[in-house]
Amino acid sequence: MILHLNHTRHESAAASTSEVVSTFLTLLEEGHLSAAQFARLQIYLDWLQYKQNFREPLTVMQSTASEGGQSPSMEVRIDSRQVSPGCLRALVQKAIQPSVPDSSQGRIYLEDFRSMRSSIVWDFNQLYWQRLKDWERATGKSYERALPGGVSDGHHPQAISDSARDFWKLLKDLETRNQLPAEIFVLEIGVGLAMRAGMWLDRFSALDQENGTNYYPRVRFLLGDYSLSTLERSRPAVKKHIDLCSFIALDALDPTKALSFLRHKVLHVHSSNMYDNLPDEEVVWRDNRLYWVQVRAYIPLEEAARIASASSLALEDVVQTVNRLLEVGPSALPDPEKGMAFWMQIWKAIRFEERLVDAVELSEVALPVGLSYVQMEDILKDAPGDLRLHLSSGALESFRNTLPLLHPRGYLHVQDIFVTDLHEYCMGFYGPGKLDGSMVNWVNGALLREVAHRVGYDLHFAPFPYRAGSKTSILYTTQRE
Amino acid sequence: MTLPILPTTMVGSYSMPGWLERLKTDYFARRISRHDLDEIHDCAVRSAIKDQEMAGLDIVTDGELRRDNMIDYFIERLPGIHIDRSSKKFYYDFYDSEVLGKIPMAALGLVDDFKFLLANTEREAKFCITGPHSLCKRVRNKYYPSDEALATDIARVMNMELKELVKAGAKLIQIDEPYYSGFPEDLSWGVKVLNKLVDGVNATIAVHICYGNRYGKPSWEGSYRYLFPSILEAKVQQLSLEFARRGGEDLDLFREFSPPFELGAGVIDVKDQAVESPDIVAERIRKVAKFVPIEKISVLPDCGLFHLPRDIAFAKLRAMVDGTKIVRKELGR
């Protein structure tokens, strides 16, 4: 048996490690576990970043070969945060019963096994952003209040002020070199209510006036979001600057699609807390083999029964009602209030069953746009031997498809939560988690860095210095010579 | 060989295959030998030449596939320049290099590349080199009093190599000087250095000036206006400039200054993977022809095709050739 300690929480590690060892040894002695099973057992002690997540306190995963056969290894993942002392034995004994992993007993499945990127949970995520007002009304608190810490680092006044000042300095330098373009394009992707955009323009305008540089009238500020209703809601925040602003519906995964006319022209691109909410998937690198993590979303039967009863539904109608919810929102139920409650309870109850699919050949894995197989091999070559990591597919595609917009002196700023070194994946579990009604995954900055190198950018990650305890980092690009 | 009107050619580099990138990097990691890499390069260059011929180009190059990038291939041949060989992790990275003393005269070994090209095509051949101004900007100068002095000495050494190329049969030589656009303030001395480089070189000389193509993206932006009037002093026969990506605004400069040069007009955007139609290419050529006499125009991509996938690079060359044929037909030539 190999025990992997994937976090650095001292007290939790001490308590759970001894209980894990004694539990599995006892199960071996009592014959619940064979010697062969014990020899190939891998146990991972995780600490999940998000209290609301898709994991049971304990999950058992069998490695599955691509041709459908099962590999002999067994993986047990334990969320140290959820497991109460003394409960481990019962959980393990239940989980290692041979019939359990492939049985639908006790679970109502919402989908078949698939890549996490195409899981139904992303439909929930989309519904949340489409119906944010409904959700906020039902919970009685704004999205921002639901964030850890209750505030968004995206709106921090000093951060915005410094950003405006840095940009002004760039323009000054370009002017000195006689290279200042006639039109100064700035793009913010994922604008929300445009609070940041409004504050940024206020500050930039003031700086410009203080210095008499007259850059402000040349600014073309593009507010980009996939949602037209969000763009509409963002207008009041930039009312003072409305003549400089354009509101553009764009695909966050490929901003260049809508803005190809601005290729190599945008001097500053910014996004806050967007990458962590884009579709993602995970892979496992173990013994020089790559495994695809496939998921199957389910609702525990007991939870489903409780939700059905509260929603005046028959248990067998739950899946159909979930699908209807994702199509039409809370009006999926005759009483929208009940529909809202149904949505929130289902979301809270959703769990993932997982399996590892042997990729056999790396070229069989559908990698995100911008990441080549050669690069992936190179990256993994230097990675720790047993690693579960995010591919950050959506973030990577968005990033890769934003870079062509940058002017030769332009730069991209992304405020988000990043894993900046692959080794960090051995010391934490960075999602997927549930943040209010949305998805959250930390972004694999190490992967972004490799992709950036090959297309001519160096990536830097600076800790967010404006709020103590913030987990946010600032990604910024510089030209690679 | 007589060239048709609106002769078509590449700026220099052809699509760098992913497998060749990997093998080059393997060489730097000492996983394959120099001998093996040379053989691989020979195959890749033959293939690049064949692609150009199949696309229908009138003048072909060796695709520059032996080169890691436009700087290092020359820097490592210049004697007296010290290179930190551990500084390159990926083949395309630039070496860290510095010059600590006067650069002595020496052969640079480019003639063999040209002979290989000649031996593998019956078309007109063009040989491209990076110019002294661009090279001097990538070397840490610890000896010469100025960049100009360093570039002048590089030109002195390279001049001899150009003459050797002519002896080997080179009739058309292209000097790449993209760094002019990044350092427009250098242009007046840059042109003097260029003239030293080509002094006594009995060939048609083109100078290619773009806004950079490192990693397939521009390194600078601006207007070609900075070239004038200094560039008029250049003792070259052709200016090769990019117009496809940047549009034709700067073509006005040819009316304003009536330069004595032929124009190698970039009509293929090498920074966009969308393949132009022949009609678009034809339209771009017609636009150029409004400012430059048709007899003085050559048709080229904006810059090297290095960063484009091979199928796209080939399709773009073919579109360029087909678009040129449309205009030739209109001219009855």
Side-chain angles (χ1 to χ4, degrees), chain A residues 170 173-185 254 256-257 259-267 362-363 367 369-379 381-382 400-412 449-458 477-481, chain B residues 16-26 29 31 69-72 87-97 134 137-138 178-179 181-185 210-223 225-226 242 244-247 249 269-274 302 306-307 309:
Chain A
L170 169 70
D173 184 56
L174 284 168
E175 187 180 35
T176 308
R177 293 164 187 268
N178 206 21
Q179 291 175 355
L180 189 64
E183 293 182 298
I184 298 164
F185 290 102
D254 189 358
T256 302
K257 210 158 49 182
L259 299 171
S260 62
F261 64 101
L262 290 178
R263 242 173 1 121
H264 311 305
K265 288 191 167 62
V266 182
L267 277 161
L362 195 55
S363 57
L367 293 174
V369 171
L371 182 64
S372 72
Y373 300 112
V374 172
Q375 278 173 281
M376 192 67 191
E377 279 181 7
D378 287 348
I379 291 162
K381 192 177 67 206
D382 300 325
R400 180 66 186 84
N401 290 326
T402 300
L403 294 177
L405 295 173
L406 288 178
H407 182 280
R409 291 288 308 279
Y411 59 94
L412 169 66
R449 187 190 285 121
E450 287 296 325
V451 169
H453 276 193
R454 297 295 175 91
V455 291
Y457 291 92
D458 284 319
T477 57
T478 52
Q479 301 285 337
R480 189 169 166 77
E481 295 232 321
Chain B
M16 177 63 74
W19 54 264
L20 184 52
E21 291 193 319
R22 191 164 212 197
L23 290 166
K24 282 172 180 279
T25 303
D26 280 350
R31 287 192 286 265
N69 54 58
M70 66 173 296
I71 300 293
D72 290 353
S87 58
K88 193 194 277 275
K89 299 287 184 289
F90 179 55
Y91 86 98
Y92 188 61
D93 293 341
F94 286 137
Y95 279 128
D96 284 340
S97 57
S134 296
K137 291 296 178 187
R138 290 297 321 171
Y179 280 63
S181 296
F183 302 88
E185 64 276 13
C210 62
Y211 276 82
N213 193 26
R214 183 93 177 130
Y215 293 101
K217 59 192 181 69
S219 301
W220 310 281
E221 282 294 2
S223 157
R225 179 161 288 278
Y226 82 88
E242 59 170 311
R245 181 183 69 85
R246 307 179 65 251
E249 279 178 29
D269 184 349
V270 300
K271 295 177 178 72
D272 186 354
Q273 296 206 3
D302 272 353
F306 189 94
H307 297 285

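Below, read A as the first sequence line, B as the second, and so on, with proteins coming before strands; counting in each chain starts at 1.
- Between A/Q479 and B/K217, some side-chain heavy-atom pair lies under the 4.5 Å cut-off.
- Taking a 6.0 Å sphere around CD of A/E175, one finds it holds more than 12 heavy atoms contributed by other residues, nucleotides or ligands.
- Classification of B/E221 and A/K265 as a salt-bridged pair fails, no side-chain N sitting under 4.0 Å from a carboxylate O.
- At a 4.5 Å heavy-atom cutoff, the contact between A/H453 and chain B is made by backbone atoms alone.
- Within the 4.5 angstrom heavy-atom criterion, no atom of A/N178 approaches chain B.
- Not counting sequence neighbours, the partners of A/R263 by the salt bridge (charged side-chain N to carboxylate O under 4.0 Å, His left out) test are B/D269, B/D272.
- Atom OH of B/Y215 sits about 9.5 Å away from atom CD of A/E481, to the nearest 0.5 Å.
- Atoms CZ and CD, from A/R177 and B/E185 in turn, are 8.0 Å apart once rounded to the nearest 0.5 Å.
- With a 4.5 angstrom heavy-atom cutoff, B/F90 touches chain A only via side-chain atoms.
- When each of A/R480, A/Q179, A/R409 is scored by its heavy-atom pairs under 4.5 Å with chain B, the top score falls to A/R480.
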